[in-house]
Amino acid sequence: MPETSGIVSNGSASDPAPPHDTFDTILVLDFGSQYTHLITRRLRELNVYSEMLPCTQRLADLSWKPKGIILSGGPYSVYAPDAPHVDPEVFKLDVPILGICYGLQEIAWHHGKNVLAGEQREYGHAAPNIHPHGDNKQAHVSRLFEGLLNDMDVWMSHGDKLSRMPDGFATIATSTHSPYAGIAHEEKEYYGIQFHPEVTHTPKGGVVIKNFAVNICRAQQNWTMEAFKDKEIMRIRKLVGEKGQVIGAVSGGVDSTVAAKLMHEAIGDRFHAVMVDNGVLRKDEAKQVKKTLIEGLCVNLTVVDASERFLSLLKGVSDPEKKRKIIGNTFIDIFEEEAKKIAKKAENTPKAGKIEYFLQGTLYPDVIESISFKGPSVTIKTHHNVGGLPEKMNLKLIEPLRELFKDEVRKMGVDLGIPAHLVGRHPFPGPGLAIRIIGDVTTEKIRIVQEADLIFIEEIRKAGLYDQISQAFAALMAGRSVGVVGDNRLHGYIIALRAVVTTDFMTADAYEFDSAFRKRVAGRIGNEVQGVVRVLYEETSKPPSTIEFE
Ligand SMILES: Nc1ncnc2c1ncn2[C@@H]1O[C@H](COP(=O)(O)OP(=O)(O)OP(=O)(O)O)[C@@H](O)[C@H]1O
Ligand SMILES: O=c1[nH]c(=O)c2[nH+]cn([C@@H]3O[C@H](COP(=O)(O)O)[C@@H](O)[C@H]3O)c2[nH]1
Ligand SMILES: NC(=O)CC[C@H](N)C(=O)O
Ligand SMILES: [Mg+2]
């Protein structure tokens with residue numbers, strides 16, 4: 001990934017003022033816990049800016065100084081030969097450190113290798129006792145637990161424990177199974193807790209995180225979406241320069257629309273959005289996106305109608321991975337062609353220079369996997385990938401949303417004046433209906449799935465359910481089934497409907513419609529979509545299923 005790829009870069013020469021230079025920043029070092037991203041989340045809810053980096057981050061490579069460091073939990077045992085450890089320089093930086101679970105054990109390990117496997121694992125709820133510490137006359141509750149009472153409800157998930165207290169540390173909390181549920185070295189401002197304050201199962205966890213970040217690290221609470229947005233616009237302006245041009249792929253989805261609007265605010269018409277009609281979009285999507293982006297948001301947009309090109313390449317292809325690769329590669333070819341055309345046009349305009357950057361709407365969850373020190377996990381599905389593009393075209397990436405979660409991006413969208421119905425849209429995958437049609441893709445099948453999808457979404461909106469559902473769509477099943485239409489036999493198609501509720505799209509539950517709703521939609525699709533004889537509802541959760549159908 002190029003150095004300038006986004007705002008988590010450690011600050012390259014061409015990267016004027018990344019947020020960690022402008023906002024007090026808490027550095028979260030990730031040991032691979034499932035909850036690490038929640039720590040950054042909780043901090044931002046406090047208006048404290050934070051960045052997450054792999055636990056193996058070398059401090060010498062960091063161009064900025066954090067206000068404090070949080071060491072996350074992780075699945076390893078610190079005493080195992082291959083266990084990950086932080087750069088020892090972390091302990092020479094003279095900033096407060098909070099260790100959570102593995103992080104606590106890592107602090108202890110660094111101070112005397114005193115961690116071992118416990119006899120009893122501790123999963124779930126616990127109610128630790130908060131201990132006053134200090135000498136007898138001046139015993140006080142640790143600053144980490146200020147404002148908290150005993151028997152606070154916390155969530156634990158560990159099997160290892162400290163064998164003894166590291167030198168200079170004191171116990172600040174105990175629980176039935178954890179004599180070292182909380183430890184502190186108040187002079188050095190090092191704190192360790194065995195429980196997870198970042199999860200919602202620890203209701204007062206936010207207070208612990210606030211005590212650490214605001215009271216102990218003295219981080220200013222000035223990170224707001226508004227301030228972030230304004231600073232990001234300034235940063236992009238400086239980065240791109242007075243004449244630089246930027247190209248970006250937009251789909252009409254939330255992420256690329258917000259990124260495009262932000263880029264337009266920053267550099268106006270020197271930003272060129274390109275939307276590809278790949279023939280497998282939802283009904284009238286290309287027309288609608290054009291209207292929204294050009295008329296509604298004044299963004300400079302070219303819609304490339306490449307539907308015939310895509311459909312001829314997809315002809316006879318049934319394997320979903322092959323479909324994804326064909327679509328991904330053709331996307332890349334088309335953007336490359338468009339970038340050349342735009343560059344050629346710009347040759348004659350004195351106000352604009354060459355195209356140097358490529359805009360992507362990458363979000364934080366997309367990044368977590370790739371920056372976790374464990375490295376990317378196995379490929380379940382090849383996500384259509386515009387990431388191959390900048391390298392091939394010699395462009396540098398700009399990813400202004402790289403630090404944000406979807407709901408934060410939606411908030412930024414609203415701040416940028418994008419209408420709520422657009423920022424609230426359900427996600428739609430780049431390979432589109434091609435992966436919602438099982439088997440080969442034909443124009444007839446595309447028509448059927450588009451019409452069924454339109455009815456399903458229309459009814460969901462009418463019932464006022466759209467915002468309660470994270471993603472809903474129609475898919476077309478393989479094979480045919482016999483129906484009877486107007487006294488005739490019809491060997492027709494089968495539509496499946498899927499609606500899920502999820503926060504991060506990594507796991508999901510089926511949304512439960514009432515039977516009147518289900519009958520109404522099935523009835524409408526059967527009657528109105530020619531060729532359909534059967535409508536099924538799919539209710540498997542993810543896992544074991546996935547959200548898309550292929
Ligand atoms: N038809 C398309 N034309 C141009 N670019 C596309 C198209 N489909 C997808 N992309 C690009 O792929 C990126 C990833 O797609 P993805 O669906 O994850 O995001 P999105 O469409 O912006 O938002 P959402 O997740 O809400 O659908 C988009 O941000 C966009 O850059
Ligand atoms: O832009 C995208 N390009 C893709 O190739 C792609 N594949 C799946 N998805 C979306 O990702 C989420 C999780 O989907 P799955 O459970 O099917 O993996 C769901 O929201 C899917 O719609 C994609 N989005
Ligand atoms: N959640 C964690 O960080 C667990 C840490 C360590 N693996 C333990 O079992 O104690
Ligand atoms: Mg999309």
Side-chain angles (χ1 to χ4, degrees), residues 30-36 55 71-80 83-84 99-106 108-109 115-118 120-123 155-162 177-178 180 192-196 198-199 247-260 273-282 285-286 289-290 293 301-307 310 327-328 330-332 334-335 338 358-363 365-366 383-387 389 397 399 401 406 409-410 413 422-434 470-471 473 505 548:
D30 174 33
F31 284 93
S33 156
Q34 295 170 53
Y35 312 118
T36 310
C55 59
L71 310 180
S72 82
Y76 304 86
S77 288
V78 281
Y79 47 78
I100 296 173
C101 203
Y102 186 99
L104 153 81
Q105 296 161 5
E106 174 71 356
W109 192 247
V115 180
L116 41 78
Q120 235 170 342
R121 291 158 168 266
E122 202 178 9
Y123 292 112
W155 198 76
M156 298 267 198
S157 170
H158 70 112
D160 298 333
K161 64 171 195 186
L162 269 55
H177 297 294
S178 290
Y180 304 110
I193 43 182
Q194 191 58 73
F195 61 88
H196 287 268
E198 70 276 28
V199 301
I247 173 173
V250 301
S251 62
V254 182
D255 317 336
S256 53
T257 302
V258 173
V274 176
M275 187 214 194
V276 177
D277 182 348
N278 54 13
V280 279
L281 301 174
R282 284 170 291 200
E285 180 123 39
V289 172
K290 200 167 175 176
L293 282 163
L301 172 79
T302 310
V303 177
V304 182
D305 182 358
S307 43
F310 277 90
I327 293 173
T330 314
F331 261 131
I332 290 180
I334 291 173
F335 287 125
E338 285 309 305
F358 181 81
L359 173 78
Q360 274 199 160
T362 312
L363 303 192
D366 307 335
H383 277 226
H384 85 281
N385 195 357
V386 287
L389 191 61
L397 281 173
E399 297 179 316
L401 312 178
K406 193 115 191 166
V409 170
R410 290 190 159 129
L422 284 178
V423 298
R425 286 184 84 184
H426 293 174
F428 182 71
L433 304 180
S470 312
Q471 192 171 8
F473 59 89
F505 294 89
E548 296 296 342

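One-based numbering, in listed order, for ligands and for the atoms of each.
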Taking all heavy atoms of Glu548 and all of Pro429, pick out the closest pair and write down the distance. OE2-CG, 3.3 Å
Please state which protein non-hydrogen atom is closest to atom 9 (O) of ligand 3 and give its distance, to 0.1 Å? Gly159 N, 2.8 Å
A student checking ligand 1 against Met275 at a 4.0 Å heavy-atom cut-off should list atoms 3 (N), 4 (C)
Kindly identify the option in Val250, Asp255, Val409 whose heavy atom sits closest to atom 23 (O) of ligand 1. Asp255
Among all protein heavy atoms, pick out the one at the shortest distance from atom 7 (N) of ligand 3; state its residue, atom name and that distance to 0.1 Å. Tyr76 O, 2.5 Å
Does the side chain of His177 come under 3.5 Å of the side chain of Glu122 through a donor N or O and an acceptor N or O? no
Does an N or O from Ser77, backbone or side chain, lie closer than 3.5 Å to an N or O of ligand 3? no
Is there side-chain contact between Leu363 and Leu401, with at least one heavy-atom pair below 4.5 Å? yes
Interatomic distance, His196 atom NE2 to His158 atom NE2 [nearest 0.5 angstrom]: 8.5 Å
Would you check if Leu116 and Lys161 make a side-chain contact, meaning some heavy-atom pair closer than 4.5 Å? yes
With only distance considered, is Ala249 within less than 3.5 Å of ligand 1 through an N or O on each side? yes
Is the closest side-chain heavy-atom distance between Thr330 and Asn278 below 4.5 Å? no
Is there a side-chain contact between Asp160 and Val78 (heavy atoms, below 4.5 Å)? no
Best match, Lys406, His426, Arg425: closest heavy atom to atom 24 (P) of ligand 1: Lys406
Do Gln194 and ligand 3 have an N or O pair less than 3.5 Å apart? no
Working to the nearest 0.5 Å, report the span between OH of Tyr102 and CG of Asp30. 11.5 Å
Using a 4.0 Å heavy-atom cut-off, say whether Phe335 meets ligand 1 through its side chain, its backbone, both or neither. side chain
Closest to atom 4 (C) of ligand 3 among Gly74, Ser33, Ser72 (heavy-atom distance): Gly74
To the nearest 0.5 Å, atom CD of Glu106 lies from atom SG of Cys101 at 12.5 Å
Before giving the answer on side chain to side chain donor-acceptor pair (under 3.5 Å), spell out for Ser251 and Ser256 the whole-Å C-alpha distance, their side-chain angles and the decisive distance to 0.1 Å. CA-CA 6 Å; Ser251 62; Ser256 53; 3.1 Å; yes
Determine whether Phe428 and Leu433 make a side-chain contact, defined as any pair of heavy atoms from C-beta on separated by less than 4.5 Å. yes
So which heavy atom in the protein is nearest atom 2 (C) of ligand 3, and how far is it from that ligand atom? Cys101 SG, 2.9 Å
Tally, protein N/O/S atoms nearer to the Mg ion (ligand 4) than 2.8 Å: 1
Protein heavy atom at shortest distance from atom 1 (N) of ligand 3: Ser157 O, 2.8 Å
At a non-hydrogen distance cut-off of under 4.0 Å, which region of Gln105 contacts ligand 3 (side chain, backbone, both, or neither)? side chain
What's the shortest heavy-atom distance between Leu422 and Val254, and which atoms? O-CG2, 4.0 Å
Per-atom contacts, ligand 3 versus Gly73 - under 4.0 Å to a heavy atom: 3 (O)
Does any N or O of ligand 1 fall below 3.5 Å from an N or O anywhere on Val254, backbone included? yes
A quick test of your reading: do over 12 heavy atoms of other residues, nucleotides or ligands sit less than 6.0 Å from CZ of Arg425? yes
For His196, counting its heavy atoms only, list the atoms of ligand 3 lying under 4.0 Å from any of them. 1 (N)
Should Lys406 and Asp255 count as side-chain neighbours, where that means a heavy-atom distance under 4.5 Å? yes
Can you find a pair of side-chain heavy atoms, one from Val276 and one from Phe310, that are under 4.5 Å apart? yes
Test your reading of the structure: does Phe428 have an N or O sitting under 3.5 Å from an N or O of ligand 1? yes
When you compare ligand 1 with Val276, is there at least one nitrogen or oxygen pair between them that comes in under 3.5 angstrom? yes
List ligand 3 atoms under 4.0 Å from Pro75, heavy atoms only on the residue side. 7 (N)
For ligand 1, is there an atom lying under 4.0 Å from some heavy atom of Val274? yes
With heavy atoms of Phe331 as the reference, note each atom of ligand 1 found under 4.0 Å away. 1 (N), 2 (C), 3 (N), 7 (C), 8 (N)
What heavy-atom pair brings Leu301 and Lys290 nearest, and what distance separates the two atoms? CD2-CA, 3.7 Å
Do Val303 and Val289 come close enough that some side-chain heavy atom pair is under 4.5 Å? no
Of Pro427, Ala259, Ser256, Ala306, the one whose closest heavy atom lies nearest atom 22 (O) of ligand 1 is Ser256
Check Lys161 against ligand 3 and report side chain, backbone, both or neither, counting heavy atoms closer than 4.0 Å. neither
